[in-house]
Amino acid sequence: MSKQVSLPEGESGSQLLHRVVSEAASTFAESLPGLKFPVDPKKFKNTYGDSLSRFEAARLGSPKRVEIARAICDATATACELDDGFERVPLREALKRRVPDREIAPETMHGNAAPDLRVEVPFEGKTLRGDDVLRLVDRFHGDHHMTDAARDGLHWIVKHTEDNGGNLDLRKHKFAVLGAAAELSPAPLLLRAGASVLWVDPRTPTAPNSGTLVYDSSARDLLSQPQEITQAIECFADGEKVHVGMFAYAPGQARELRLAETMNAIVEQLGQSTVASAAMFVSPTSPAAVQPEDAAVVASRGHAPAAWQRALAFSGIVKGPGFYGEGTHAVARAVISLQGAGYQAAQYLSKILRAEVWAEDGMHVSANVAGISRTKSLEHPLFLAAFEGAPSFGVRIFDADTTRSLATLLMLGDLLRPKTSADHVHSAQIHGGVYDLPWQFEASVKAAAVLGAMRKPSVFFRRRSA
């Protein structure tokens, strides 16, 4: 039997999510005044989106904000085990053990072309560059589809690139990209910029045109080869520091959470002596902190909605408020229950909270919100219909290549600038308007799906991709 990263026997991702958050709510009850977190697992399962948003709003306002996040992250990490069929070992402990007699013979492929990554963004059939990218960024910001921090970060990377000859040159940087073949993975763009990239993914890479690609066929599957991958990154680093990108994703059987926690455990085992930075993309359909500029938009739209939106609210089809909390402690009601509690566990426990803890500990972290995109993972009839109706609610759905470019540029801006403090690590958000609604996002999605189905009924007859 091959090794496998597992959760405790008999515990699902949803159950783990409820256990670790409810334990924190109880332990830190005095620091979370007024919070009523569901004790009953069944009640939590039916309301987990709103329950997490309320909890996160209370945590952000707590004087023990980071302490609570650290307790939850430690409990989540402790739950993960490496099962080899004979014994189950805590994952953190397993990664400290060397794989005996491991022969490391990675394949190295060098591109022949010079780095040619300019600041460019594919958008609506065109490739925008330079000032046109800035105009697009300003347009998205003006439409309230990205935060001030995201706009400023993208402006910075454009200016930085132009000041350095017009191309992004990453030849002095090493990246270990976990989930390198993922649809939104930045690996192809990093190679175009001349970076050295360790490709970690079950899917085999092709030779790059530029940059240096390193591939170890015995260290490619995170859930069955976490020790081998840790050692492969150490070998790849060869005494230098490495940026670690965490983009692996697979649905079902709590794989989202197990993958995310495995990536986190690898980063922590490597430590800051090896890890130059850790980067991830956060989904907008998670309990994220609403930035002040978006909270102001929510208030404005709530006071003067369109007549048809007012009718939807009056009938109870859409329900407010759009966020819980206030001021700098506002948290979006953006969770989509159809994505599953296991998915949300990975987003909230393993990304949002973990990034904040790492930033507090001095690690260089990039953990920005990337827009909802037309990816294979969202080829569900409800989502496809909602995509058609989303513009009626002021929500933008991005093409995958647009999101990949914007998110990668924003990430590179983070990595090339000084570290971000823990309380601002999630302030750069390309949310597409998700956090500007005066109503719960899921209710708005369902209403948008009805509108979309009326406009394009064929979405309900499309077969999902394998």
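By convention here, the first residue in the shown sequence is residue 1.
Under a 4.0 Å N-O distance rule, the pair R98/E234 qualifies as a salt bridge. The pair R59-E356 counts as a salt bridge, with a side-chain nitrogen and a carboxylate oxygen less than 4.0 angstrom apart. A salt bridge links E87 with R97: the distance from a Lys NZ or Arg NE/NH1/NH2 to an Asp or Glu carboxylate oxygen falls below 4.0 Å.
Heavy-atom minimum distance, R255 versus A250: CB-O, 3.2 Å.
Every residue two or more places apart in sequence or in another chain that forms a salt bridge (Lys or Arg N to Asp or Glu O under 4.0 Å) with D132 is listed here: R135. Judged as a salt bridge (Lys or Arg N to Asp or Glu O under 4.0 Å), and not counting sequence neighbours, the contacts of E120 are R129, R192. Not a single side chain to side chain contact (heavy atoms under 4.5 Å, CB included) links T27 to another residue, sequence neighbours left out. Judged as a side chain to side chain contact (heavy atoms under 4.5 Å, CB included), and not counting sequence neighbours, the contacts of H329 are L60. E81 is linked by a salt bridge (Lys or Arg N to Asp or Glu O under 4.0 Å) to R88, counting only residues two or more places apart in sequence or in another chain. In terms of the side-chain hydrogen bond (donor to acceptor under 3.5 Å, both in side chains) criterion, K96 has no residue partners (sequence neighbours excluded). For P202, the side chain to side chain contact (heavy atoms under 4.5 Å, CB included) partners two or more places apart in sequence, or in a different chain, are R220, D221. In this structure, D294 has no salt bridge (Lys or Arg N to Asp or Glu O under 4.0 Å) partners at least two apart in sequence or on a different chain.
Taking the six-membered ring for Trp and the full ring otherwise, F44 and F37 have centroids separated by under 6.0 Å. Aromatic rings of F123 and F140 (six-membered ring for Trp) have centroids within the 6.0 Å cut-off, being under it. A centroid separation of 6.0 Å or more is found between the aromatic rings of Y348 and Y48.
The backbone N or O of S350 lies less than 3.5 Å from a partner atom in the side chain of N264, making a donor-acceptor pair. Of the possible polar contacts, one joining the T147 side chain to the Q429 backbone as a donor-acceptor pair under 3.5 Å is found. Panel note: side chain H364, backbone A278; no donor-acceptor pair is recorded below 3.5 Å. Proximity of a side-chain donor or acceptor of K174 to a complementary backbone N or O of F236 within less than 3.5 Å is detected. Remark: the backbone N or O of L222 is not paired with any side-chain donor or acceptor of Q225 at under 3.5 angstrom. Using modelled atom types, one side-chain atom of D201 and one backbone atom of R203 make a donor-acceptor pair closer than 3.5 Å.
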Residues N368, H426; criterion side chain to side chain donor-acceptor pair (under 3.5 Å); working and verdict: CA-CA 6 Å; N368 303 318; H426 298 300; over 6 Å; no
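Identified under the ring-ring contact (aromatic ring centres under 6.0 Å, His included) test for residues 95-114, with sequence neighbours left out: none. Residue pairs that meet the salt bridge (charged side-chain N to carboxylate O under 4.0 Å, His left out) test with at least one member in residues 417-428, sequence neighbours left out, are D414-R417. Residue pairs meeting the salt bridge (charged side-chain N to carboxylate O under 4.0 Å, His left out) criterion with at least one partner in residues 396-406, sequence neighbours excluded, are R374-D399.
No side-chain donor from either of Q253 and R258 sits under 3.5 Å from a side-chain acceptor of the other. A donor-acceptor contact closer than 3.5 angstrom links the side chains of H424 and S421. At a cut-off of 3.5 Å, with distance as the only test, a side-chain donor of Y324 or D50 sits close to an acceptor on the other residue. Side-chain atoms of H431 and H145 form no donor-acceptor pair, as typed in the model, at a separation below 3.5 Å. Side-chain polar atoms of Q227 and K3 form a donor-acceptor pair below 3.5 angstrom. For the residue pair Q291 / S427, no side-chain donor-acceptor distance below 3.5 Å is found, with atom types taken as modelled. Between the side chains of S283 and T285, at least one donor N or O lies within less than 3.5 Å of an accepting N or O.
The structure places CG of L406 at 12.5 Å from CE of M411, a figure rounded to the nearest 0.5 Å. Expressed to the nearest 0.5 Å, how far CG of D169 lies from CG of L117 amounts to 10.0 Å. In this structure, the separation between CD on E11 and CG on L16 is 4.5 Å, given to the nearest 0.5 Å. Taken to the nearest 0.5 Å, the CD1 atom of I157 stands 9.0 Å off from the CG atom of L410. To the nearest 0.5 angstrom, W358 atom CH2 is 10.0 Å from Q272 atom CD. If you take CZ on F281 and OG on S366, they are separated by 7.0 Å, rounding to the nearest 0.5 Å.
The shortest side-chain heavy-atom distance between P287 and V335 falls under the 4.5 Å cut-off.
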Atom pairs and distances, donor-acceptor, side-chain atoms in residues 70-77, under 3.5 Å, two or more places apart:
residue : atom : partner : partner atom : Å
R70     : NH1  : D361    : OD1          : 3.4
R70     : NH1  : D361    : OD2          : 3.0
R70     : NH2  : D361    : OD1          : 2.9
D74     : OD1  : R92     : NH2          : 3.3
T76     : OG1  : I72     : O            : 2.8

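Checking D163, V137, L409, L134 one by one against V158, the side chain to side chain contact (heavy atoms under 4.5 Å, CB included) holds for a single residue, L134.
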